[in-house]
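These notes are about the structure you will find just below.
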Amino acid sequence: MAETVEEDQPLTPAGRLFLQPLMNQVINCVLGSDYPIDLGCVKTQIQNSIMLKHPRFCSLMVRDSSGREHWRKTQVDVDRHLIIRHHFLTDDLSVSDEDAINDYMADLSFSSPLPTDKPLWEIHVLAAHKAVVFRVHHALGDGISLMSMLLSSCRNVDDPAQLPTIGGVGAASLVPRRWSVWTLMKVVWFTLVSILEFVLKLLWLRDKTTVLSGGSGVELWPRQLVTARFRLDDMKTVKRALADSTINDVLLGVISTGFSRYLDVRSSTALQDGDQITGLAMVNLRPQSGLQDLSKLMDSDSGTPWGNKFGIILLPVCYHRASSDPLQFVRRAKAMIDRKKLSLEAPFSHTLLDWITSLFGAKLTSILNYRIVCNTTFTISNLVGPREQITLAGHPVKFIRVTSSSLPHAITMHMLSYAGLADMQILVAKEVIPDPKVLAKCFEDALLEMKQAAEAAIKSQGSCQ
């Protein structure tokens, strides 16, 4: 019998966008352990993983005669995807494992695209530092798809037969729980306002220049990566002090406070209270928030498809001088995010960019996407991870951290929660932000001050009852 040859599969509009030179994006995820990495176990885990059963991880990206991108099924040689670094990444013994790994990830973010002569993923084993770096091209899927895939190969450290428990800190639903005529009117109004702001940023309206600003070409500048650490219990304490608030409200309050403090330290010119900068955030458009059931992601009829299913929203952050009430930053953040939840900005941006790609090609979409990044100041993402400690290939995982390829932004931030902690990777252009550890400390101190204020507020509320 003749062997069946599978037809090439076209890329989605979002997949085509992420392969354009202006928006070529790779997601880098590092898992660290306290124990030496067993290379044999890692290779066996890869060979037996569901990843190699997924068509996108077993396909080459090819272009036809008209330049249109397609996936072409191929045989996967695991050895070509496994990159082993046996020795320490630096000869300087004073450099910690964390700094060495962050420096390695920073270099990957701006100088190491994935080769296209094999499926678009790699695994780097940093043996001397007891860490593994997963590199996956964004054309294969978004952060939720890829993290759901990764965790399908992990197990609960206390029960090796149990998959990790996910949920609890993901992005809140953007759909109002209760509908009324007034709610509908607010949805229409906030959607119109959000769409107008989005289109203006897409075309020409640019943030005020500050010491945090990037711009065209900044994605090519050398990068530095640092980690800000938060305890989820501290975030939940702040959340409890403010009615109906969420972890995302607290996170954006921390970002706003941290930026304001850093601008006070670094700015040579006085800033006016209320001066605004704008961030970009990616919003999951699947019906379920947070990480997904992998079996549903793999089922094209499930309503929670694999791939890049997200929209972009603008997050305005205002500079404010130090306040006697740190929780005021969270209240402002909550008010802004509540308005975003009542708008259709995320579905609009997703549909608009898909429509432009389908009608006019990915090149035009990448130019517009690049422009909105140049016209804003930062990127922020918040992804839920496992609630409890997990193992991968038999190795207990100490931390999980995520970052991505550099953008024209001088600062991108990716937060991932894991086992009661949340690590935020802060990737900066060195020439713009030469002291990112100072910025990370501003964020960490902001949360601690908010926690103290929240504890006082909760105690005061309790004594009044």
Side-chain angles (χ1 to χ4, degrees), residues 22-23 190 192-221 223-224 228 249 251-282 312-323 326 328-337 339-340 343 345 349 367-381 406-414 424 426-436 438-443 446:
L22 285 177
M23 295 305 300
F190 288 133
L192 290 175
V193 171
S194 295
I195 288 175
L196 177 61
E197 291 174 341
F198 187 89
V199 171
L200 290 175
K201 285 291 184 186
L202 194 68
L203 296 178
W204 63 271
L205 188 62
R206 184 177 173 85
D207 276 358
K208 178 178 181 177
T209 300
T210 70
V211 295
L212 298 170
S213 299
S216 180
V218 172
E219 71 276 12
L220 303 176
W221 295 8
R223 251 46 187 183
Q224 186 172 353
D249 297 335
L251 174 60
L252 196 62
V254 167
I255 297 299
S256 179
T257 308
F259 278 157
S260 294
R261 287 186 172 187
Y262 186 77
L263 288 168
D264 279 337
V265 172
R266 282 287 316 280
S267 290
S268 57
T269 57
L271 293 170
Q272 298 297 315
D273 208 61
D275 280 351
Q276 179 180 299
I277 60 175
T278 312
L280 296 180
M282 313 303 133
I312 301 171
I313 63 172
L314 302 177
L315 293 179
V317 169
C318 294
Y319 165 81
H320 292 284
R321 294 182 180 86
S323 168
Q328 189 61 30
F329 284 91
V330 184
R331 294 189 187 97
R332 296 188 191 101
K334 172 177 166 50
M336 185 272 292
I337 292 179
R339 292 192 294 271
K340 293 292 179 179
S343 85
E345 181 181 1
S349 63
I367 292 171
L368 293 174
N369 218 65
Y370 187 84
R371 180 170 294 180
I372 199 170
V373 176
C374 290
N375 288 341
T376 53
T377 302
F378 67 94
T379 302
I380 178 73
S381 74
S406 55
L407 291 165
H409 284 153
I411 176 170
T412 59
M413 296 168 287
H414 299 276
M424 185 165 70
I426 305 169
L427 183 69
V428 304
K430 291 181 184 180
E431 294 182 30
V432 179
I433 303 174
D435 50 0
V438 173
L439 180 58
K441 189 71 164 51
C442 289
F443 293 143

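Side chains are part of it too, since the values below use all heavy atoms of this structure and drop only hydrogens, waters and symmetry mates.
Residues Arg332 and His320 are in side-chain contact: their nearest non-hydrogen atoms beyond the backbone lie under 4.5 Å apart. Two residues are said to be in side-chain contact when any heavy atoms from C-beta on lie closer than 4.5 Å; Ile255 and Phe329 fail this criterion. Contact of the Glu345 side chain with the Ile195 side chain is not registered, since no non-hydrogen atoms from C-beta on lie closer than 4.5 Å. Between Leu439 and Phe259 there is a side-chain heavy-atom pair separated by less than 4.5 Å. Here the side chains of Leu271 and Lys208 are in contact, with some heavy-atom distance below 4.5 Å. Between Met23 and Leu407, some side-chain heavy-atom pair lies under the 4.5 Å cut-off. Side-chain contact between Leu280 and Lys201: absent, with no pair of heavy atoms (C-beta onward) separated by less than 4.5 Å. Contact check for Ile426 versus Ile433: no side-chain heavy atoms found under the 4.5 Å cut-off.
Of the inter-residue distances, the one linking Leu251 atom CG with Ile337 atom CD1 reads 8.0 Å to the nearest 0.5 angstrom. Going from atom CG of Leu368 over to atom CG of Leu203 covers 7.0 Å, rounded to the nearest 0.5 Å. Note that the CE atom of Met336 and the CG atom of Asp249 stand 8.5 Å from one another [nearest 0.5 Å]. Atom-to-atom distance recorded for Arg321:CZ and Asp273:CG is 5.0 Å, nearest 0.5 angstrom. Note that the CZ atom of Arg223 and the CD1 atom of Ile411 stand 10.5 Å from one another [nearest 0.5 Å]. Atoms OG1 and CG, on Thr412 and Leu427 in that order, are 4.0 Å from each other to the nearest 0.5 Å.
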Verdict with reasoning, Phe378 to Leu212, per side-chain contact (heavy atoms from CB on, under 4.5 Å): CA-CA 8 Å; Phe378 67 94; Leu212 298 170; over 6 Å; no
Can you list the steps and then say if Thr278 with Thr377 is a side-chain contact (heavy atoms from CB on, under 4.5 Å)? CA-CA 6 Å; Thr278 312; Thr377 302; 5.6 Å; no
For Arg266 and Asp435, run side-chain contact (heavy atoms from CB on, under 4.5 Å): C-alpha distance rounded to whole Å, both residues' side-chain angles, the deciding distance at 0.1 Å, then the answer. CA-CA 10 Å; Arg266 282 287 316 280; Asp435 50 0; 3.5 Å; yes
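Counting only distance, with no hydrogens or angles, the side chain of Ser260 and the backbone of Ser256 share a donor-acceptor pair below 3.5 Å.
Of all heavy-atom pairs between Ala446 and Gly258, the closest is CB-N, 4.4 Å. Minimum heavy-atom separation, Thr379 to Met282: CG2-CE, 4.3 Å. Contact between Ser406 and Glu219 at its shortest, heavy atoms only, is OG-O, 2.7 Å. Taking every heavy atom of both residues into account, Pro436 and Gln224 meet most closely at CG-CD, 3.6 Å. Across Val432 and Trp221, no two heavy atoms sit closer than the pair CG2-CZ3, 3.6 Å. Contact detail for Glu197 and Lys340: the closest heavy-atom pair is OE1-NZ, 4.2 Å.
Applying the side-chain hydrogen bond (donor to acceptor under 3.5 Å, both in side chains) test to Tyr319 and every residue at least two apart in sequence or in another chain returns Asp264. Residues meeting the side-chain contact (heavy atoms from CB on, under 4.5 Å) test with Ser213, sequence neighbours left out: Thr209, Thr210.
Few gaps surround CZ on Arg206; more than 12 heavy atoms of other groups in view lie less than 6.0 Å from it.
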